[in-house]
Amino acid sequence: MSRKVVRTSKFRHVFGQAVKADQCYDDIRVSQNTWDSNFCCVNPKFLAIVVEASGGGAFMVLPLSKTGRLDKSQPVVCGHTAPVLDIDWCPHNDNVIASGSEDCSVMVWEIPDGGLTRSLTEPLVTLEGHTKRVGIVLWHPTALNVLLSAGCDNLIMIWDVGTGQGIISIETHPDLIYSAAWNLSGSLLCTSCKDKKIRLIEPRSGRIEAEKEKPHEGSRPVRAIFVSDDQILTTGFSRMSERQVALWDLKSLGEPLTLQELDTSSGVLIPFFDPDTNVVYLCGKGDSSIRYFEVTDEPPYVHYLSLYSSKESQRGMGYMPKRGLEVNKCEIARFYKLHERKCEPIIMTVPRKSDLFQEDLYPDTVGPDPALTAEEWLGGKNADPLLISLREGYAPSKSRELKVTKNVLNTRLPKRVGSNEAGTQESALEQILGEIKQLKATLQGLEQRVAELEQKAAN
């Protein structure tokens, strides 16, 4: 009689628990927008939530300690003229947040320590270059002040926020971009698109390193993230609209390492990956549960761990960076679940008897310091994130000021890469120079005509 051997894993007994009611954030008018975004973003200092707003777009920023029922006059960030679709905290400055909106612009904001005392309407910098709404904003993981945005104009723009300029425009996508994700060092970009392809792109040249057609057979949106430099994990739908999760080896994208069917819900599964523990969490919009899996080198590679379920469905989800967790409570992840009128933190814990620092749960993790400047990254340099130890816990430092130095005389067009169109950056420049020559000639003609008329009047 054969015995079934249970796979050993320190994360087999991870359990999720919602915090008590008085530790939730109540009376928030969470955005009703149907865009497939998280609408929530969190760091060790602040919680940001996209909210309903009349006459424009807004999001709320709260210090983590400001729990309970919120005042109706709670200040918001409200500089956009149309609904906000996505927000993302800067990984290198806990007071800086970027937002993308239906008004085709990307704005970068600086939040004062202690939170907002009045509504914020003036951004640090407005980044304009998209011609349709901006649905994705994503900071570079290792280079300072480098920000990615993706719009419904099928463009990916990469910005240097320090100068307020677009530096790269990637034009390889023929249709709507569903998701974009950096690898750990920010040397590669993984995107999923409505044309049913996932692409691996070298961001500085726009070169497609690899692509896979129909990673999932269904027509619903696909999400893709890196789980290592050699592997990506995707979520999508089968032809019968069953939700799936798959793991792919970038060296051979012919067949997935594993493909698992989960259920028949309609919400897009948004993956969150923790590289320290190799645990991936799948949160579906409209679901009332969070599934979590461990990614290993042994078949079937993606091992189901457990499920956190609750009664109410989620409108969005925020994921706390590792440095914001409580290590003395063996907390390995914390989510901020958006309900219709509140935000509820959910804590994922590994049960341990000792309250001492657990070295196996907390290897050195990504810290807040950048490894590169924007110029170094743009020049072709790559670097892994700078790591910190959580042994003594992490204390958020005072805010670092983000200085934006706009040089009006040195305004450069973003480098267009990956374009299949005949028009290149050089031809666009030639066109502008030609138009300037025409204007000069017209002006000379007008000056001559004025001189003739003045002479006639004098006679």
Side-chain angles (χ1 to χ4, degrees), residues 31 33-39 41 48 50 53 56-59 77-90 96-109 121-140 143 145-182 189-195 199 201 203-206 221 374 378 404 406 411-421 423-425 427-429 431-432:
S31 173
N33 202 302
T34 54
W35 186 255
D36 275 326
S37 164
N38 294 325
F39 295 137
C41 199
V50 180
F59 60 94
V77 180
C78 52
H80 286 285
T81 56
V84 174
L85 298 179
D86 198 19
I87 49 177
D88 193 32
W89 285 108
C90 176
V96 171
I97 188 168
S99 58
S101 164
E102 280 188 19
D103 65 9
C104 311
S105 72
V106 176
M107 292 183 179
V108 178
W109 311 83
T121 55
E122 287 298 316
L124 268 180
V125 62
T126 302
L127 306 170
E128 290 176 324
H130 287 285
T131 55
K132 291 188 179 175
R133 59 186 177 171
V134 181
I136 299 169
V137 287
L138 190 66
W139 291 92
H140 192 281
N145 295 342
V146 175
L147 177 67
L148 173 150
S149 64
C152 294
D153 50 7
N154 312 336
L155 277 188
I156 288 180
M157 298 279 293
I158 296 176
W159 310 86
D160 180 350
V161 175
T163 61
Q165 290 186 346
I167 46 179
I168 298 167
S169 171
I170 301 173
E171 307 181 359
T172 51
H173 299 86
D175 214 328
L176 179 68
I177 299 158
Y178 284 141
S179 74
W182 298 102
L189 194 58
C190 177
T191 65
S192 62
C193 179
K194 199 176 180 180
D195 69 350
R199 293 174 173 83
I201 300 169
R204 286 159 289 210
S205 64
L378 197 59
V404 180
K406 276 198 173 184
T411 303
R412 57 185 177 186
L413 293 169
K415 185 172 94 174
R416 293 170 67 186
V417 293
S419 174
N420 297 322
E421 300 164 22
T424 61
Q425 189 177 353
S427 65
L429 200 57
Q431 191 182 343
I432 291 165

(request) Nearest 0.5 Å please: distance from the CZ atom of F39 over to the CZ atom of F59. (result) 13.5 Å
(request) Specify the closest pair of heavy atoms between A374 and V146, including all atoms of both residues, with the distance to one decimal. (result) CB-CG2, 3.7 Å
(request) Kindly indicate whether the side chain of D36, heavy atoms from C-beta on, has any atom under 4.5 Å from the side chain of P221. (result) yes
(request) Could you tell me whether a side-chain N or O of S101 sits under 3.5 Å from a main-chain N or O of H80, the two making a donor and an acceptor? (result) no
(message) Rounded to the nearest 0.5 Å, what separates atom OH in Y178 from atom SG in C193?
(response) 8.0 Å
(request) Answer whether the closest heavy-atom distance between the side chains of L378 and I168 falls below 4.5 Å. (result) yes
(request) Taking all non-hydrogen atoms of both residues into account, name the closest pair between C41 and W89 and its distance. (result) O-NE1, 3.1 Å
(message) Restricting to non-hydrogen atoms, name the atom on G162 and the atom on N145 that form the minimum distance, rounded to 0.1 Å.
(response) N-CB, 3.8 Å
(message) Is there a side-chain contact (heavy atoms from CB on, under 4.5 Å) between H140 and L147? Walk through the geometry before answering.
(response) CA-CA 6 Å; H140 192 281; L147 177 67; over 6 Å; no
(request) Taking all heavy atoms of D86 and all of S37, pick out the closest pair and write down the distance. (result) OD1-OG, 3.2 Å
(request) Sequence neighbours left out, what passes side chain to side chain donor-acceptor pair (under 3.5 Å) with T191? Give chain and number order. (result) H173
(request) Answer whether the closest heavy-atom distance between the side chains of L176 and C152 falls below 4.5 Å. (result) yes
(request) Step by step, work out the side-chain contact (heavy atoms from CB on, under 4.5 Å) result for V84 and W35. (result) CA-CA 10 Å; V84 174; W35 186 255; over 6 Å; no
(request) Output the distance between atom OG1 (T172) and atom CD1 (I156), rounded to the nearest 0.5 Å. (result) 6.0 Å
(message) When you compare the side chains of T126 and S105, does any donor N or O come within less than 3.5 Å of an acceptor on the partner?
(response) no
(request) For residues L189 and I170, determine if any side-chain heavy atom of one lies less than 4.5 Å from a side-chain heavy atom of the other. (result) yes
(message) According to salt bridge (charged side-chain N to carboxylate O under 4.0 Å, His left out), who are the partners of R133, at least two apart in sequence or on a separate chain?
(response) E102
(message) To the closest 0.5 Å, what do you measure between CG (D88) and SG (C90)?
(response) 8.5 Å
(request) Check each of V106, L85, D103 against V134 using the side-chain contact (heavy atoms from CB on, under 4.5 Å) test, and report the only one that passes. (result) V106
(request) Nearest 0.5 Å please: distance from the CD atom of E128 over to the CD atom of Q165. (result) 13.5 Å
(request) Give the minimum heavy-atom separation between C78 and T121, together with the two atoms involved. (result) SG-CG2, 3.8 Å
(message) Side chains of N154 and P174, heavy atoms from C-beta outward: is any pair under 4.5 Å?
(response) no
(request) State the OG-CD1 distance between S192 and I177, to the nearest 0.5 angstrom. (result) 9.0 Å
(request) Would you please name every residue forming a side chain to side chain donor-acceptor pair (under 3.5 Å) with W159, sequence neighbours left out? (result) S149
(request) Might you point out which heavy atoms bring G164 and V125 nearest each other, and give the distance in Å? (result) CA-CG2, 3.8 Å
(message) Less than 4.5 Å apart, side chain to side chain, heavy atoms only: is that true for M157 and L148?
(response) no
